[in-house]
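Before any comments, here is the structure.
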Amino acid sequence: MAKKQDINKNNATRLLDNEPVGRTVQVVRVMGDGAFRQRLLEMGFVRGAKVTVLKNAPLQDPVEYMIMGSHISLRHSEAAQVEVTDKDAAFCDMEDAYNGTVETAVAGVDPLADNVLRVVLVGNPNCGKTSLFNCVTGAKEKVGNYGGVTVDSKEGWFNVGGRRVQIVDLPGTYSLTEYSPEEMYVRTYIRDHHPDAIINIVDAGNLERNLYLTTQVMDMNIPMVIALNMWDELEKSGDKLDIEMLERLLGARMVPLTAYNGHGVTEVLQAAMDAIDESEQETHHHNVNYGPLIEDGLKELGEMCPDLDRYTVLKIIENDQHALKLLERQENAQEVKDAAATLRQQIERNYNDDIVSIITDLKYGFVRGALAEVLTPNPDRATGETKPGYSLDRLLTNRWLALPILLVLMWLMFEATFTLGAYPQEWIENGIGWLGEWIGSTMPEGILRDLIVDGIIGGVGGVLVFLPQILILFFFISLLEDSGYMARAAFIVDRVMHRVGLHGKSFIPYLIGFGCGVPAIMATRTLENRRDRLVTILTIPFMSCSARLPAYLLLVAAFFTAHQGLILMSIYLVGIVVAGITAIILSKTLLKHDKSQFVMELPPYRKPTARNATIHMWSKGKQYLQKMATIILAASIIVWALGYFPRHEGQTPQEQIENSFMGQMGKAIEPVVAPLGFNWQMGVSVLTGAAAKEIVVSTMGVLYTGEADADEESAPLKEKLQTATKPDGSHVFNPVVAYSFMLFILLYFPCIAALAAIKREAGTKWMVFEIFYTTGVAWLVSFIFYQLATL
Ligand code: GDP
Ligand code: MG
């Protein structure tokens, strides 16, 4: 790579943000700070790369760009960080920096040292890792968790040549730097578990960007096989790839693969086994040759720290904080740091750029140089034309049609989940009810019977009734993700979500939240950024879920005669507003240090497979049952016991609950809820509603009518509420009290199932925060409303 000339002398530079749709320009440099800049560089925004402005989102922000054949969307504010110049400005042209590879000798290892043969899948998001994984394992996968961040890896097993091998599906990443949880995860996983082989899956139709990650994986010096996935698409496109030549240039094994239908899977696995077998002897790993200056430096530093791999040594030169931490264990740490700093200055002076860009440029140069020799694009395709697979965008992200189509699709998903799901839900409820009755009639009366029938069966029922909805919903989500539409949905609504500091991808979890918070919280997995995920998880409970509806319906019917629909809607709106305010507060206070960025790839549309969607659906269902059932069940039993004990002979159900621990607690908190206009009965209803919000109505039923099976349509309960009086003769309820009560039900304590989901996705700390925060907000909002309304 030649020294860079002073740009301003020759050509004017502009900001990418100001470029009109349709124009193609060349990248000069990316400004901005660490994580964001690194991400853009990795996505191909390197010096000299050509970018085409494709279109604005329907709400004008973000904007879709094409770079290195892939489509990336950036917000205006992000595009304003990219300096560009005319597309034919010669000084900026990228050079092919292919200098061949250097070989490192690596001592042989015994692959069975820890008794398992382990192979890991590494690749960009959407390159087909999960498809290969499902194909290989028949999807008997296990979902694993790592540390505090819930980034998934899946483990499975397969047999090849009489050997049993573990295969791990790692999260998709564009690189192995430390900037995102996924990257950290993959990097740490490889270092800690030292797998016997890496299968690096690349999208054969997008080699330039995909092989960038490969250059980093190569440096880890672990036996590697490159699976050229989407081979079917490459063949269809008419591009020609000389695999043998590319193998020689990169010094790595390559196998064409179509994970989608299983073509090439056996060959990939066999190649991985061969790589493992060879690693028993001393082998020679090929690494990117960065040219004499950097190579000499790498060698010198490598000798100073023989325990660190080439990857880490290079990162030390890049001044990477995580790599420097690994160095700390060494005695000569300071010496190495000084040497690295000197070298870094020398390199930066030589290339007239900063070290991170230099290394990224060199890696891209290496990839580009190699590809120039082996990839022959289909001569019939005009350059700069978008690839097949994007034509649906003309409709789906069309300026006028995008939002209506999105709304219709969301409505369909919602209807299917909550309307279709209502049938199996009813069967489950009936089945459970029938089981309860049957046991009730066969067992002798007593505490044990009540515990089994009301506590356990009731609790299990509370877990199971959500299952159909979770299964259906995740089937749809999987289709949306696989097809590539999920990224478009985020692209379309990002502008709105960005107003409250969130990413467009939060939109779908929120929407699901109106049905049920549990799957909504589970669906935040599609958000890559931890901060965005947390803020979304913590605000989802303010989306009024369907379990709260019975209480609203009862109260609205009983105390409002006019504008019932509007009043109901206002409750939902209050929830949305509180969620928005909470999101803004959280982004500005507790979570302000994690930066949100939009940079997102818009993958080509692909036909989703029913197989993958089904597997995804089952694994989510299993996850739900395994991880949450225990908490929900235990909590339901506790709530049941609090309402059941202490027992007294000959009490009516009404007296029983009034004298129970729950009733006593309700009376004890009466002073706290009195300023909201509530009496102790309402306090008790709110307490029992903590288990599940549907219970609010049935508790009111018991307390006011003595009937346990009251629902929102029961006329006696409605009348009892209308006529209930306080000791002083005034009415307990009036429209103001009823509204205040509805506000409280909307905002307070999410149900136990939702809390279990929050605990699982965000951790105990945030679950505890959520309990206090939501209840505090509920109290405050009801208090302000009630006090102002009764002035
Ligand atoms: P991951 O994000 O790397 O786990 O990728 P997935 O396995 O979820 O695949 C992403 C998309 O690519 C899905 O829509 C798959 O159906 C599709 N896909 C995977 N492998 C192939 C392939 O070999 N050919 C084609 N045409 N599509 C594929
Ligand atoms: Mg995947």
Side-chain angles (χ1 to χ4, degrees), residues 69-71 119-139 141 143-144 151-156 167-175 180 182-183 185-186 198-207 209-211 213-214 217 226-239 241 254-269 387-392 474-488 505 525-528 600-617 619-620:
S70 53
H71 293 218
V119 172
V120 299
L121 300 177
V122 176
N124 283 5
N126 264 308
C127 66
K129 291 178 302 302
T130 305
S131 303
L132 176 63
F133 180 86
N134 289 343
C135 206
V136 168
T137 58
E141 92 272 55
V143 177
V151 178
D152 266 352
S153 70
K154 298 196 213 93
E155 291 164 11
I167 184 165
V168 185
D169 183 16
L170 291 175
T173 60
Y174 294 106
S175 116
S180 77
E182 291 74 21
E183 291 168 3
Y185 184 96
V186 174
I198 294 176
I199 297 179
N200 175 212
I201 306 196
V202 299
D203 174 352
N206 194 347
L207 285 172
R209 229 256 329 278
N210 277 252
L211 288 177
L213 174 65
T214 307
V217 179
I226 297 178
L228 299 163
N229 195 29
M230 316 271 179
W231 193 252
D232 56 330
E233 286 184 3
L234 183 86
E235 286 189 323
K236 228 180 348 180
S237 75
D239 294 353
L241 181 69
M254 303 198 181
V255 186
L257 172 70
T258 305
Y260 189 58
N261 58 18
H263 282 299
V265 171
T266 333
E267 289 79 357
V268 170
L269 297 183
K387 291 197 182 147
Y390 286 97
S391 46
L392 273 174
F474 280 102
F475 186 79
F476 275 91
I477 289 185
S478 177
L479 292 185
L480 291 182
E481 275 192 329
D482 272 9
S483 63
Y485 187 75
M486 194 69 109
R488 270 67 180 193
K505 282 191 182 171
R525 286 279 169 103
T526 50
L527 287 156
E528 285 127 47
M600 181 182 70
E601 187 175 358
L602 296 166
Y605 289 100
R606 296 203 168 92
K607 212 169 74 210
T609 61
R611 184 192 151 90
N612 270 344
T614 314
I615 288 169
H616 188 71
M617 172 178 100
S619 87
K620 282 288 172 187

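All ligand and atom numbering here is 1-based and tracks the order in the structure. This chain uses plain numbering: 1 for the first residue, then up along the sequence.
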Check your understanding: Can you list the steps and then say if Asp232 with Lys607 is a salt bridge (Lys or Arg N to Asp or Glu O under 4.0 Å)?
Key -> CA-CA 13 Å; Asp232 56 330; Lys607 212 169 74 210; over 6 Å; no

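Below 3.5 Å of separation, one finds an N or O of Cys127 facing an N or O of ligand 1. Taking distance alone, with nitrogen or oxygen atoms compared against 3.5 Å, Leu257 stays at or beyond that limit from ligand 1. At least one N/O-N/O distance between Gly128 and ligand 1 falls below 3.5 Å. Of the polar atoms of Asn126, at least one N or O is found under 3.5 Å from an N or O of ligand 1, judged by distance alone.
Of the possible donor and acceptor atoms, one in the side chain of Asn200 sits under 3.5 Å from a partner among the backbone N and O of Val122.
Of all heavy-atom pairs between Ser70 and Glu601, the closest is CB-OE2, 3.7 Å. Closest non-hydrogen pair, Asp169 versus Lys129, comes out as OD1-CB, 3.4 Å. Considering all non-hydrogen atoms of both residues, Glu155 and Val168 come closest at CG-CG2, 4.0 Å. Looking at every heavy atom in both residues, Tyr605 comes nearest to Tyr390 through CD1-CA, 4.4 Å.
Of the N and O atoms on the side chains of Asn124 and Asp203, not one donor lies less than 3.5 Å from an acceptor on the other residue.
Within the listing of ligand 1, atoms 6 (P), 7 (O), 9 (O), 15 (C), 19 (C) sit less than 4.0 angstrom from a heavy atom of Ser131. Those atoms of ligand 1 that come under 4.0 Å of a heavy atom in Glu233, given as number and element, are 25 (C), 26 (N). Set against the non-hydrogen atoms of Thr130, the atoms of ligand 1 under 4.0 Å away are 1 (P), 4 (O), 7 (O). Residue Asp482 approaches ligand 1 through these ligand atoms, each under 4.0 Å from one of its heavy atoms: 8 (O), 13 (C), 14 (O).
Side-chain contact between Cys135 and Tyr260 is absent, with no heavy-atom pair separated by less than 4.5 Å.
If you check each of His263, Lys129, Met230, Lys154 against atom 18 (N) of ligand 1, the one with the closest non-hydrogen atom is Met230. For atom 26 (N) of ligand 1, the candidate residues are Leu121, Asp232, Leu228; the nearest heavy-atom contact is made by Asp232. Scanning Asn124, Asn229, Asn612 for the heavy atom closest to atom 23 (O) of ligand 1 points to Asn229.
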